[in-house]
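Because the structure is a prediction, the values reported are computed rather than measured. Letters go in sequence order (proteins before strands), and every chain restarts at 1.
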Amino acid sequence: MKSGRQYSLRSALVHGLLFVLALYFLVPLYVMVVASFKSLDEIIHSSIIALPIVWTTAGWEKAWSSACTGLVCTGIRPYFFETMAILFPAMSAAIVIGALNGYLMSFWRSRSADILFGALIIGSFIPLQLFLIPLAVTMGKLGIFGSTFGLILIHTVYGVPLTTMLYRNFYVSLPAELVKAAIVDGAGVFKIFRSVIVPMSAPITIIAVILVFGGIYNDYIFALTFGETGKRPIMAAVLNIISTQYAVAEHNVNMAAVMISALPTLLIFLVAGKFFVMGLAQGSVKG
Amino acid sequence: MKGHFKQKLLIAAALTPTVLVAVYFIWGFGAATAYLSFTDSGFLPSKKLIGLFHYQKLFSSARWWNTYGNMFIYGGVYLLGCLSIGIVIAAMLDRLPKSAIIYRTIYLYPLALSLVITGLAWQWVLSPTTGLQHLIRELGFESFSFNILGSSEYAIYALGGAAIWHSTGLVIVLFLSGMKGIDVDLWRSAQIDRIPTWRVYASIVLPQLRSTLMTAIVLLAFNVVRSFDIVVALTKGGPGHASELPALYAYEFYFVRGNIGQGSAAAVVMVVSIMAIVLPYLIYELRKRKQ
């Protein structure tokens with residue numbers, strides 16, 4: 001047997017290494033949080049790692065409701081609500097379509113459905129740069145360039161491959177007898193979906209909601225390309241706030257704006273971390 | 001039989017939106033951009049073919065080769081960092097009791113953040129006037145100099161470091177779930193034979209996780225090729241074009257320089273580069289599953 005001392009030395013080593021690595025992961029968040037709660041004066045005169053001497057939410061208030069992007073000084077608030085107005089319809093649509101696809105591609109497999117699935121999976125490895133110009137042309141022709149609806153459509157379209165994959169992989173793991181029994185009872189394809197499959201889909205739907213929410217909320221390239229000035233989604237807006245120059249850079253407001261933008265997905269991770277991790281493990285194994 | 005046909009028709013109808021997505025928005029748009037790379041498209045797309053002009057331009061451009069080379073430096077740093085840190089952390093967490101969940105939260109939370117947020121966070125840490133350099137000078141080392149974001153040689157490594165911070169969690173998640181699948185008997189027999197834990201990982205556990213490793217490599221490589229947000233947020237490709245990556249190059253030619261043809265050619269090269277890794281992987285996975 002190992003001696004107790006040797007054992008505890010090794011475990012101290014492991015914990016020491018875990019702790020040092022934890023610092024690397026925590027420091028950027030820590031310095032942003034403390035900066036966001038300092039006054040501008042204190043930020044200029046204090047060190048980046050010092051806690052605020054006087055905690056103030058002035059930076060957060062300004063970032064939320066009156067910080068400027070260019071000449072528009074509305075804070076990040078309208079961009080946040082615009083993002084939500086895009087996010088919820090697009091997320092719902094992508095999930096409904098993905099669930100139906102997953103069901104049809106697993107329980108009603110056919111050669112053509114397999115090909116379609118393969119086309120989606122390979123397509124999901126294509127960088128978005130390959131779609132931007134044709135997408136801009138199409139949005140222009142449909143008259144929805146820069147509109148909220150345009151971004152809803154874009155996020156739905158490019159969300160479908162992920163949701164389809166999540167639901168298909170989940171349904172493949174369910175026993176085929178479920179559907180066979182319902183067929184014997186005389187139920188049709190969609191009746192089975194509604195009454196047998198949908199009620200069993202809660203776990204994968206939680207995962208899909210978390211991943212799709214993060215995907216759309218954290219999007220930058222579509223927000224930048226297809227968002228209209230003044231109502232761009234949040235990731236484009238926060239960069240605009242940061243790069244709007246003043247005589248004296250308002251670091252506290254900037255860091256508060258970054259924190260506000262980061263909070264929604266961060267909170268989801270803290271509350272539903274287990275599902276987030278499961279989703280990453282499953283969503284990563286394509287096919 | 002009639003009912004059967006009707007059913008097939010219904011299924012086909014239900015899949016139509018997805019067919020539209022795959023055929024039109026993914027493969028159709030992809031083909032359209034490939035086509036544009038052979039045209040004289042400037043600010044607006046044009047249909048006039050001019051052969052390989054844009055590819056010749058691209059391949060004789062020093063800026064492009066610097067950008068494309070950056071992708072390999074950044075990618076190398078990113079993959080090595082994420083994989084080595086991620087695998088070590090996963091192995092340590094794997095042996096810890098459930099109470100170590102706090103550690104897991106700490107290593108994984110950056111994954112929930114966007115790459116824009118990641119870039120801005122690291123800009124704050126690395127900025128010479130407010131960040132690390134300022135901090136160390138205040139401690140009394142007045143001549144300490146650390147301005148990695150302003151260095152044309154090292155800015156690309158700053159991008160790599162920030163990206164490692166963001167994505168190491170992905171490797172941890174993949175390997176932890178892979179390690180869970182490993183036989184407990186193996187651990188028992190290793191304990192009886194008094195094999196040190198690290199050796200069990202190095203010579204027994206990790207070799208069994210080869211397919212996990214491949215998945216991780218493919219996903220990380222895809223992240224490398226599409227990297228755009230983090231570059232804009234952290235260095236804007238600068239100083240000059242020193243830390244530019246292909247996705248930013250393509251974007252700038254599309255929307256700033258008004259040279260859609262050239263931007264399309266860059267995008268096509270990006271896609272070919274990533275497909276050289278993804279396609280063999282998918283074929284391998286498919287074969288494995290069929291066996």
Side-chain angles (χ1 to χ4, degrees), chain A residues 14 17-18 21-22 24-28 31-32 35 47-49 97 100-101 104 108 113 116 119-120 122-123 125-135 137 157 160 164 188-190 214 218 220-221 235 238-239 242 251 255 258 261-262 265-266 268-269 273 276-277 280-281 284-285 287, chain B residues 7 10-11 14-15 17-19 21-22 25-27 29-30 32-33 36 45 85 89 92 103 105-110 112-114 116-117 120-122 124-125 130-131 134-135 138 165 170 173-174 177 215 219 222 225-226 228-229 233 247 250-251 254 260 264 267 270-271 274 278 282 285:
Chain A
V14 166
L17 189 54
L18 283 171
L21 285 165
Y24 165 64
F25 285 97
L26 278 176
V27 160
V31 295
M32 287 198 298
S47 107
I48 188 170
I49 53 167
I97 296 173
L100 191 59
N101 283 345
L104 294 175
W108 301 88
L116 181 60
L120 285 180
I122 300 175
F125 279 109
I126 297 177
L128 298 175
Q129 258 71 9
L130 201 72
F131 307 134
L132 291 179
I133 296 299
L135 199 49
V137 172
V157 163
V160 162
T164 301
V189 180
F190 298 101
N218 287 341
Y220 174 63
I221 193 158
M235 287 306 149
V238 69
L239 256 177
I242 302 281
H251 292 303
M255 286 306 124
V258 174
S261 320
T265 51
L266 200 56
I268 290 176
F269 170 72
F276 181 84
V277 169
L280 281 177
S284 308
V285 188
Chain B
Q7 204 159 58
L10 272 172
I11 293 176
L15 288 175
T18 312
V19 173
V21 166
F25 284 91
I26 296 177
W27 292 98
F29 280 7
T33 299
L36 286 173
I85 301 174
I89 289 180
M92 291 194 293
Y103 277 133
T105 307
I106 292 170
Y107 304 133
L108 298 189
Y109 86 88
L113 304 178
S114 78
V116 167
I117 303 291
L120 293 174
W122 281 93
W124 180 239
V125 173
T130 57
H134 181 71
L135 175 72
E138 271 192 342
W165 179 80
L170 182 63
V173 168
L174 290 176
S177 88
T215 306
L219 292 175
F222 180 49
V225 176
R226 67 174 166 168
F228 176 79
D229 315 11
Y251 199 91
Y254 284 155
I260 288 178
S264 301
M270 281 168 65
V271 173
I274 185 60
V278 168
L282 288 178
E285 283 284 311

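- From B:Y251, atom OH reaches atom CG of A:L132 across 6.5 Å, with rounding to the nearest 0.5 Å.
- Within the 4.5 angstrom heavy-atom criterion, only side-chain atoms of B:W27, from C-beta onward, approach chain A.
- Per-residue heavy-atom pair counts under 4.5 Å with chain B were compared for A:S261, A:A113, A:A119, A:G188, and the maximum is reached by A:A119.
- When A:L116, A:V258, A:L100 are compared by the number of non-hydrogen pairs under 4.5 Å with chain B, A:L116 comes out ahead.
- Taking chain A as the reference chain and counting heavy-atom pairs below 4.5 Å, the highest number among B:A233, B:A112, B:A267 is found for B:A112.
- Although no hydrogens or angles enter the test, the distance criterion places a donor-acceptor pair under 3.5 Å between the side chain of B:Y254 and the main chain of A:Q129.
- Chosen from B:W122, B:W124, B:F25, the residue pairing most often with chain A at heavy-atom distances under 4.5 Å is B:W124.
- When each of B:V21, B:T18, B:I274 is scored by its heavy-atom pairs under 4.5 Å with chain A, the top score falls to B:T18.
- Of the two parts of A:L135, the backbone and the side chain both hold a non-hydrogen atom closer than 4.5 Å to a non-hydrogen atom of chain B.
- For A:L104, the part sitting under 4.5 Å from any heavy atom of chain B is the side chain, from C-beta outward, and nothing else.
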- Task: Carefully, step by step, assess A:F125 and B:F222 under the rule ring-ring contact (aromatic ring centres under 6.0 Å, His included).
- Result: CA-CA 7 Å; A:F125 279 109; B:F222 180 49; 5.4 Å; yes

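- One distance of note links CE of B:M270 with CG of A:L128; it measures 9.0 Å at 0.5 Å rounding.
- Proximity of A:T265 to B:S114: side-chain heavy atoms (C-beta onward) are nowhere separated by under 4.5 Å.
- Interface remark: B:I260 contributes side-chain atoms only to the contact with chain A (heavy atom separation under 4.5 Å).
- For the options A:V277, A:V137, A:L26, heavy-atom pairs under 4.5 Å to chain B are most numerous at A:L26.
- Contact annotation for B:L113: both backbone and side-chain heavy atoms come within less than 4.5 Å of a heavy atom of chain A.
- Below 30°, between 30° and 60°, or above 60°: for A:F25 and B:Y107 the angle between ring planes is above 60°, a perpendicular geometry.
- At a 4.5 Å heavy-atom cutoff, the contact between B:V278 and chain A is made by side-chain atoms alone.
- Between the A:Y24 side chain and the B:W165 main chain, a donor and an acceptor come within less than 3.5 Å of each other.
- Comparing B:A32, B:A250, B:A247 by how many heavy-atom pairs each has under 4.5 Å with chain A, the most go to B:A247.
- Of the residues considered (A:V160, A:I268, A:I242), A:I242 shows the highest number of contacts with chain B, using heavy-atom pairs under 4.5 Å.
- When heavy atoms are compared at a cutoff of 4.5 Å, B:S177 approaches chain A solely by way of its side chain, counted from C-beta outward.
- Using a 4.5 Å cut-off between heavy atoms, A:V189 contacts chain B through both its backbone and its side chain.
- The closest side-chain heavy-atom distance from A:N218 to B:V116 is not below 4.5 Å.
- The part of A:F276 that comes within reach of chain B is its side chain, from C-beta onward, which places non-hydrogen atoms under 4.5 angstrom from that chain.
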